[in-house]
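These notes are about the structure you will find just below.
This is a predicted model, so every value here is computed, not measured. In the text below, chain A, chain B and the rest are named by the order of the sequence lines, each starting its count at 1.
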Amino acid sequence: MSLSVQLLWLIPALPLLAAVVGTLAPRGEFKLSASTAIAALTLSFLLSCGALITALADPSAHLTSNFTWFDLGHGAVRLGWLLDPLTALMCVMVTFVGLLIFVFSTGYMRDDANAKQFFCFLSLFAAAMLGLIIANSLLLLFVCWELVGLASYLLIGFWFHKPEAAAAAKKAFITTRIGDLGLLLGLLWLYDSTGTLLLYDEGQGVLDPVVLAGLGGSTAIGLLIFCGAVGKSGQFPLHVWLPDAMEGPTPVSALIHAATMVAAGVFLMARVFPLLTPDALIVIAFTGAITALLGALIACAQSDLKRILAFSTVSQLGYMMLAIGVGSWVAAIFHLLTHAFFKALLFLGAGSVIHAAHHEQDIRALGGLRGPMKTTFVTFAIGMMALAGVPFLFSGFWSKEAVLHAAHGWGFSQIPFYAGLVAVVLTAFYMTRLVAEVFFGHPRGNGAAHAHENTAAMTLPLGLLAACTILLGAIGTPWWPWLQRTLDPEFLSEPGGAGLMATSIVLVALGLGAGWALYGRKLRQKSAAADPLAVIAPRAFAFLAARMKFDKLYAATFGRLSDTLAACADALDRHVWDGVVRLLARLGRFTGLVNREADEEGLNAGFDATSESIRATAKAYSRAHTGDAHGYLLMIAFGFVVLVFAVLVGGGR
Amino acid sequence: MMALILIALVTLASAAAAMLLRNLIHSALLLTASWAGLAAFYLWAGAEFVAFAQVLVYVGAISMVVLFAVLLTRPPQPMPVTPPNTLGRALVALITGGAVLGVFIGAIVSSPLPATAAPAPTVSVKQLGLELAGRHAGALLIVGALLTVALLGAVVLAATDREPVGASLDDVRGRPPGTPLQKSGDAP
Amino acid sequence: MSLSSLQLCLLFSSALFCLGLMAALSRSNTILVLLGVELMLNAANVNFIAFWRYGPNPEAATGVVFVLFAIAVAAAEAAVGLALVIAIYRHQKNIRLQEATRLKG
Amino acid sequence: MKPNYTELFAALSPEAALIVGALLVVVLDLTLGRKKIAEARWHAAVRIALLAVGLAGCFTFASGRPGAEFGGAFMLDALAQATRYSVLVLAALSLALLPGTARMRHPAEFVAVVLFATAGFSVMATAQNLLIAFLALELASLSLYVLAGFDKTRPESAEAALKYFLFGGVSAAFLLFGFSLLYGLTGSIELNVIARELGAQAASPLLVVALVMVLVAFGFKAAAVPFHLWAPDVYQGAPAPAAALIASASKVAGFTFFARLLWSGTGASSGQAPAWMLTLAILAGASLLLGNVAALAQRNLRRLLAYSAIAHAGIMLLGVMTGTRFGPGALLYYTFTYGLATVGTFGVIAIIERAGRCQDLDDLAGLYRRSPLLAGCLLMFVLSLAGIPPLAGFFGKFLLFSQALRLTGLTGPAGWLAIAAIALSAVALYYYLIVLKRAFVTPAVAGTEARIAVPLKPALALLLAAALLLALGVFPSSALRLVT
């Protein structure tokens, strides 16, 4: 059974239809909504498998189906679908993982009053994500990209009655929008210089060699597009939203903030890989390395179950970007696929724990769940070992190996490679800590004490995901690099990675050993007891626990600057008419902030502070609007005189 | 030339005085004088019919409407004298108006304009009528609609709704004059 | 330097326009503000007549026709404007423009 | 010259249908409607008015003969026809919102004045000489002043109308003065003659003054900074159906009108384009900045919409700048879809107001529970205003920005403005989401949880507007083809 490229649109269309049906269903029709969503996604999964068969028939071909959306007179805007192994594999992954998470959600969200809407949003999300994957036009991709963002906003804020959830949703939306702005500018620039946004178009698309050869200045374009990926994939310095996004229901975290949406940035970079110049790749590689290290470091000192997993996601996404940067997008996609499965497994496992423990998320208050929750424990341990990179049996090991191998072979610098190695140790360490705290010892809280295994709707997906986590490693081993060859027919497997492999096995063992030595040998007795790591290095631990104190540093640097500027603006305001000057001063500060995105410490609290100061400006303006009509008429005459002078001086001719 | 200067000075002086005086009735009367001055200007330029229309509409109709409006909107008790911010506002108005005037004067003086003193052209009423019914027939239709809507709008806005719901235009027909509606209708 | 008659007319109209503007900007009585606007419209009429008088083809009488229509429009504006003044008076019991500040912010 | 009145009637037949309809509404209400209850009178008046609008649409279709008509007084090109259709659709939607929402007195008069205003908009779309242009503008403006002050029970309405009137009167005086100078400098009031004459002469300061005076009036009509001050007050004070018309159809007509003045009267052929391009760029930049920032502080829903309108005006001015090279399609598409979204939003406001008040953002609280239909429609409209993809608002922005970038590249003034507009749309999204948050998330204030009944005609109008926004967003070519 194969699916022709002309029918590729069916894959996103079915979940979209399910979302519409779900919206129209009467309130409380949870079953209808859920079963439609699951049925639609099952069909999409089957279609994706068909598409995969089509794509595998000739892995090097890029099948396209383009059509004209509208005619501008001086050129038409065209959209289309694209089918190649990358698309097909991503589709299969998203639909399969998505399907399991949908099934899991039927158990997890059963008692929620708004479960019907939840499935609508999930379907909408799946449709947008699939549309993003099959798009052959960067414009269509951008549209879906924004829709994915919107769905994510809705889902993070699903429990809107929690103020943290609402704030997290806002933060996620605004932060990713900053990246999207760069992406949009990049696309505009690209359109400006090539006149098309189609990826492949019989030799005329932006990725076709002819056009690529004629494209100048593409470092900037590549970096602007990368901005979008930085936002969406939670790369440094825009990673701040991802951990906060854990306020959403756990299946959402699994689907969006672990398996699919955050991977969209990596997918985008892999997709437009030919556009990226070596200079752009250097930036990408270092960004990825910093993110991988940073995420792993912070994860070591968190105590919220989901937050640890979130920072590990940040770290793993850093690995993927690192792989792209060092030129091996194939390794990045391999890691993306394996990560999707084991991270979904871990998140669903965490969800299972949280559900059973009556929404207790603090690992210090859990413990001893190994006994009552056997299935969850076993599957979670499999996921944990995959993430930590326990050798040979688990897929995570092979994909991480591929990334490290590529980084090792990078000619420009070895720093990213070493950063990756350090992150390997840290990953093994914090995952050991997590498992030891949650599943071993004895219960330290009310929730954990009364926990028991969940229903089959929740454990079945866990089992399936665990099986995949183990099996998936087989498709990309150095001895049989099927995945790599499928994605990139010119892929050459280089032997001689044995030394490297041995090194990383040793490092994993080191991490596991250190974790067990600190947390496993002497198990925590009381939830209030100090963390062993905090005993050894209290200041470092506190620093990491506060997520490197971004907010405090911000207050010390930007806060003071802002106060000074505000004082100046106020002084000027007293002498100059209305709030115009204040507006300009504030605006200057705003652009200054945006330009200095690289200053990590300014970022986290920066959004709130900036939007607050803009709002203050607006309020000042609002007060200046006194409602006296004389002032209005005065403004006409005043504007007239100013404009005349502007034209005469500006030399309009 | 001298006649022009004289007309201009009289018109401007009466307009300025009208805008400065505190007594509204005096202002209105002086404005009428200034409108008459404008009519004189039109006569001087040779546009007799326009002068006629100016007198008819402004001196005859609008000034009456203004007087009525002034009488109708008398405050129940005498207004308190000079609110504190009036002086400041006048100063700002003076500066802004002066700036606009400066822009105009600069532009007029520095722009090349035909400097001929051609003999005054004349235009007969018949010629005007032909123009109106000919080239500008479309404009005539539109201005008809415009005056209708002004009439309708002025009636509705100025009417006092004392009657229960269901009352309409016909109910306010009988009220005493003072609303500008009837006057605007015969303007053209 | 000497001014031509046309320039004199234009200066006259500009002065009238600015007088009207100043009245509109400074007077607190809404009726006088309205009359200031009327003066501004009149100033434009002066321009039309002056340009017709000294323009290239006075036989077309375009300027004169324009002024006739402008006078009609000005009358209509005055009617609506004064009706609005009365409407304001009904709520406010006076017609001082600077007191009409319910809408602001 | 022998005037050809058949031609004149052919050119003006849609307006004639509207005005006859208006008179008919008043006369029938005076004769037959006196004893009826207010509700029935509203319905009857709106029915006749919709008929007249439909007839006008048919006449527009029948008069679709491109080229100048009646001695060059009217221009019936594709732009004019498309603008007429847009204006008629928007006016019909505003009319359909009336029954059951407006609680004002004098239904027939209100409806008649709406029809007069629509006729004014329609002539504005076709005007090809300065006289027709001025009269059409005044016809539309006077009608709108009256509509703004129509609700005599609320002092805000009278105040809004007065402010609108004074601002409009002063800018009309500026426009007339500018026209008189243009007439003086070129000796003609025909746009094509003006363009020819201006091309033949050197620039003079007086010409700059004339152009800027015209642009002042443009700024007023478009609500561009610094001529925007009336907009928040009028949006807040005017009755919701009147505000809907002011914000939508008036804007479409105004932009076509001034764009035509600039393009054909002082366009590229006359060599005057750079002067007004610079002015427009200043106005556009200021509007984008101030509109988006000031909207953040608004607690009043209507003022928020006004500031968003100011920001949108900045984008539309960008469209006027790019139109010289790329044609009017993008500008008209943008103004029309913006008009649809705004009519819809004000329609929602009007229906909510029927059940209580709808001024502050908080008055939207719990809308999702009170009326899912209204909340859903509001979602569509606001998202389109924000420019979220599948809706028409996104596509219009995309079209205009890509044209602006093509005009001067990324580094030219139009390119900078486009980039600024894109950046500020992130700010804009924030306040649009605030609106939606109130409607969908915040629970209703105690005492106002009652469900809102939506009458049939307004419901249909809202659904139609939402459907059009979606359809135009997905199939923009169909609309663009009308113009090009």
Okay, B:L21 and chain C: the region with an atom under 4.5 Å from a heavy atom over there is backbone
For C:S26 and B:A90, the nearest pair of non-hydrogen atoms, with its separation, is CB-CA, 3.9 Å
Whatever's closer than 4.5 Å to a heavy atom in chain C on B:I105 counts as both
Tell me, do C:F12 and B:T11 make a side-chain contact under 4.5 Å, heavy atoms counted? yes
On a heavy-atom basis, the closest approach of C:C18 and B:G97 is SG-O, 3.7 Å
Heavy-atom closest pair (B:S34 atom, C:L39 atom, distance to 0.1 Å) is OG-CD2, 4.1 Å
message: One pair to check against side-chain contact (heavy atoms from CB on, under 4.5 Å): B:H136 and C:F66. What are the steps and the verdict?
response: CA-CA 9 Å; B:H136 299 292; C:F66 212 123; over 6 Å; no
Greatest number of non-hydrogen atom pairs under 4.5 angstrom with chain B, of C:N45, C:L84, C:T62, falls to C:N45
- So do the side chains of C:F69 and B:L140 get within less than 4.5 Å of each other, counting heavy atoms only? yes
In terms of heavy-atom contacts, C:S5 and B:L4 come closest through O-CD2, 4.0 Å
Counting heavy-atom pairs under 4.5 Å with chain C, the top scorer among B:S111, B:A16, B:G98 is B:A16
In short, side-chain hydrogen bond (donor to acceptor under 3.5 Å, both in side chains) pairs touching residues 46-68 of chain B with sequence neighbours left out are B:Y58-C:E38
The interface call for B:L132 against chain C, heavy-atom contacts under 4.5 Å, is side chain
Heavy-atom closest pair (C:S28 atom, B:R89 atom, distance to 0.1 Å) is CB-NH2, 3.5 Å
| said: I'd like to check C:C9 versus B:F41 (side-chain heavy atoms, cut-off strictly below 4.5 Å). Are they in contact? | reply: yes
Cut-off 4.5 Å, heavy atoms of chain C, and the answer for B:V70 is both
Okay, B:A18 and chain C: the region with an atom under 4.5 Å from a heavy atom over there is backbone
Cut-off 4.5 Å, heavy atoms of chain C, and the answer for B:L24 is side chain
Applying a strict 4.5 Å limit to non-hydrogen atoms, the region of B:L38 in contact with chain C is side chain
Applying a strict 4.5 Å limit to non-hydrogen atoms, the region of B:L128 in contact with chain C is side chain
Q. Short question: side chain of C:R53, backbone of B:W44 - any donor-acceptor pair under 3.5 Å?
A. no
